[in-house]
Amino acid sequence: MGSNSAENHGTKGVGRRDLIRRSAALGLISVPTMSFLSACASSGGDDSGDKAKAGKKTAKNPLGVNDTAGMEFVLFDGGFGKEYAEDAVKIYEKNFPKVQVKFSATQKIQSTLQPRFNQGTPPDLVDNSGAEQMDMGILSSKNQLTDLTPLLDAPSYDDPDKKVRDTLRPGIVEMGQLDGDPVWIMYYAYTVYGVWYSQKALDSLDAEYPQTWDQMLAVCAKAKKKGMAGWTYAGKYPYYLPFSLYPMIGKVGGVEVLDAIDNLEPNAWKHPAVKACFEAYYELYKKGYVLKGTPGLDHIQSQTAWAQGKALFIPNGSWVENESASVIPKDFGLSVSAPTGLDSSDKLPFGTIWASGGEPFIVPAKAKNAAGGMEQLRIMLSEASSKNFTSKVKSLTAYNGGTDGITLTPGLKSGVAALELAGENVVNPRMQDWYVQLQKEKIGVSGLGEMMAGRLTPAEAIKKIQAFADETAKDDSIKHYKHQ
């Protein structure tokens, strides 16, 4: 998958949600960097703790990158692929011809890099994403992240009269904060989460996208009669379910319900809106509207089955267009919608959607060449690199622009339309980046996964998840966060 993180904290005077909504309406988020001398990536030599010496700061080298020091960049090899990053690395190497960048891509971020973080030999730039994403809160609380303020205050790559922070979409800087002013994380891709479907398949059922749950059940019944399941999802990674379930909860009960969940407030999961939405999703299972075998499918298998027309709807993020490009038919009519609500009593209107930053980049505190890592990000946040990303991977970037002259793909065009429909009603749940283990393993696998496989009732799932949340709230070894 592309990413499943979103950072955003409020600032005085400007509401956190206002920033998010404005950034959502426009498009994306930015990427930070990390530094590390590539020579010691695997060696345990005496120089393993040495930092690269600072280079001379010039107009073309505002961060003072050492033009002979190696730089290591580890990318998550997910839905966006690695070509966009490789292209940016070539620019870095052209600008610093004496330098060789050690670039690698992996889906095993945590198992590959956590030992190196622990040993004090991390890379310089890391795209900390995917199923094995390292917990940002833990990294921050253990002082293992570099403050990216120097990058933000550096002149932008295209215009020396503008700081990097002035070229980013509204809300992006705040999304990288965890506590206070330091910016620990920069997101490079702006993700629209929701319910993805084939317009062609929906048209074949003579149906429109359902706005109420009764309409959803009716559409699923139509699909079932034609041999098509209503839904599928990444059964092995059921934390994909919240991509549509969380904004549905926010639509039904209001954003304060999601905030209470994020804040680990007592009984937050027992709110009537949560109960109603869990029961609605469970009804999909009970009525046989979920593709048979879904609990055993991973994200690629479920997306492939969906693209093949075996299921109508799938909860996912906007990376799905690129990740499934090889299996989505040309006449598929790829579309995304905000989640279906319950009925007219919902607190927020239809169109309420989750959109936020994806692909979180970090620079380790013990990176050997932090300046080099941040310079790589400065390059990636240029207009040319942004356009390259958008045209190649069908997603927007943090750079406030970069779409001129680009023909939007069906999924990207649909995502932009969904954001326009949402207007101010864009939600940004923080559970998945504040408490990664709680979100993925406990809420996702042990709670929602078990419920959608029919092994827990909604009431049992809620009780179990609330216990997990309470346990996390009482665990003093875990850094806790609150919506501002």
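Heavy atoms only: backbone and side chains are in, while hydrogens, waters and symmetry mates are out.
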Supply the atom-to-atom distance K413 NZ to E321 CD, rounded to the nearest 0.5 angstrom. 12.0 Å
By ring pair (Phe, Tyr, Trp, His ring centres under 6.0 Å) - contacts of F73 (at least two apart): F103
Which pair of heavy atoms, one from T149 and one from R165, lies closest together, and at what distance? CG2-NH2, 4.0 Å
Ignoring hydrogens and angles, tell me if any N or O in the side chain of S446 forms a donor-acceptor pair with the backbone of E441 under 3.5 Å. yes
Any sub-3.5 Å donor-acceptor pair from T472's side-chain atoms to F468's backbone N or O? yes
Considering non-hydrogen atoms only, spot the tightest contact between W269 and I462 and give its length. O-CG2, 3.3 Å
State which residues pass ring pair (Phe, Tyr, Trp, His ring centres under 6.0 Å) with Y281; sequence neighbours excluded, sorted by chain then number. W213, W231
Inter-residue atom distance N316.CG - S302.OG, 0.5 Å rounding: 7.0 Å
Closer than 3.5 angstrom, by distance alone: can the side chain of D159 be matched with the main-chain N or O of D161 as a donor-acceptor pair? yes
When you compare the side chain of V320 with that of F243, does any pair of heavy atoms fall below 4.5 Å? no
Check side chain to side chain donor-acceptor pair (under 3.5 Å) between T403 and all other residues, then give those that pass, not counting sequence neighbours. none
K108: what forms a salt bridge (charged side-chain N to carboxylate O under 4.0 Å, His left out) with it, not counting sequence neighbours? E132
Any sub-3.5 Å donor-acceptor pair from Y435's side-chain atoms to Y481's backbone N or O? yes
Hey, does the side chain of D262 reach the backbone of P429 with a donor-acceptor pair shorter than 3.5 angstrom? no
Can you name the closest pair of heavy atoms from A461 and L456 and give their distance? CA-CD1, 4.0 Å
Grab the two heavy atoms, one from M134 and one from Q110, that are nearest each other, plus how far apart they are. CG-CA, 3.9 Å
Just by distance, no angles: are the side chains of D181 and Q177 close enough, under 3.5 Å, to form a donor-acceptor pair? no
Within this structure, what is the NZ-CG distance for the pair K251 and D346, rounded to the nearest 0.5 Å? 3.5 Å
Who pairs with Y209 by ring pair (Phe, Tyr, Trp, His ring centres under 6.0 Å), at least two apart in sequence or on another chain? Y197, F313
Can you list the steps and then say if L168 with L152 is a side chain to side chain contact (heavy atoms under 4.5 Å, CB included)? CA-CA 9 Å; L168 305 179; L152 296 170; 3.8 Å; yes
Has R378 got a side-chain atom pairing as donor or acceptor with P155's backbone, closer than 3.5 angstrom? yes
Should the pair H299 and Y240 be assigned to parallel (<30°), tilted (30 to 60°) or perpendicular (>60°) ring geometry? tilted
Report yes if some heavy atom in the side chain of V336 is under 4.5 Å from a heavy atom in the side chain of S318; otherwise report no. no
One pair to check against side chain to side chain contact (heavy atoms under 4.5 Å, CB included): H483 and W434. What are the steps and the verdict? CA-CA 11 Å; H483 282 289; W434 283 355; 3.9 Å; yes
The reported gap from CG in L63 to CD in E375 (rounded to nearest 0.5 angstrom) is 5.5 Å
Quick one: OG1 on T121 to NZ on K368, what's the gap to the nearest 0.5 Å? 8.5 Å
I would like to know whether T112 and V74 meet side chain to side chain contact (heavy atoms under 4.5 Å, CB included); could you show each step before the answer? CA-CA 10 Å; T112 301; V74 177; 5.7 Å; no
Please identify each residue that fulfils side chain to side chain donor-acceptor pair (under 3.5 Å) with T352, with sequence neighbours left out. none
Tell me whether the count of non-hydrogen atoms from other residues, nucleotides or ligands lying under 6.0 Å of NZ in K270 goes above 12. no
Does the ring center of F389 lie less than 6.0 Å from the ring center of Y84? yes
Please identify each residue that fulfils side chain to side chain donor-acceptor pair (under 3.5 Å) with E460, with sequence neighbours left out. T457
Under 3.5 Å, is there a donor-acceptor pair between the side chain of K387 and the main chain of G402? no
Side chain to side chain donor-acceptor pair (under 3.5 Å) filter on T294, not counting sequence neighbours, yields T232
Go through the steps to decide whether I353 and Y193 satisfy the test side chain to side chain contact (heavy atoms under 4.5 Å, CB included), and finish with yes or no. CA-CA 7 Å; I353 202 166; Y193 300 100; 6.0 Å; no
Strictly by salt bridge (Lys or Arg N to Asp or Glu O under 4.0 Å), give each pair with a member in residues 133-150 just once, sequence neighbours left out. none
To the nearest 0.5 Å, atom CG of L396 lies from atom OG1 of T191 at 9.5 Å
Going by an N to O cut-off under 4.0 Å, is there a salt bridge joining E450 and K464? no
What residues form a ring pair (Phe, Tyr, Trp, His ring centres under 6.0 Å) with Y282, not counting sequence neighbours? Y285
Looking at K463, is its backbone amide N or carbonyl O close enough to the side chain of Q466 to form a donor-acceptor pair, meaning the two atoms are under 3.5 Å apart? no
May I ask you to check whether S156 and D158 show a side-chain donor-acceptor distance below 3.5 Å? no
Contacts of type side-chain contact (heavy atoms from CB on, under 4.5 Å), residue A276, not counting sequence neighbours: L342
Whether S335 side chain and S414 backbone form a donor-acceptor pair below 3.5 Å: no
Ignoring hydrogens and angles, tell me if any N or O in the side chain of Q107 forms a donor-acceptor pair with the backbone of G78 under 3.5 Å. no
Closest non-hydrogen atom pair between D343 and T212, with its separation: CA-CG2, 4.3 Å
State, yes or no, whether a side-chain contact exists between P315 and L245 at a heavy-atom distance under 4.5 Å. no
Shortest non-hydrogen separation from D77 to A105 and the atoms involved: CB-CB, 3.8 Å
Can you sort out the partners of K82 under salt bridge (charged side-chain N to carboxylate O under 4.0 Å, His left out), two or more places apart, ordered by chain and number? none
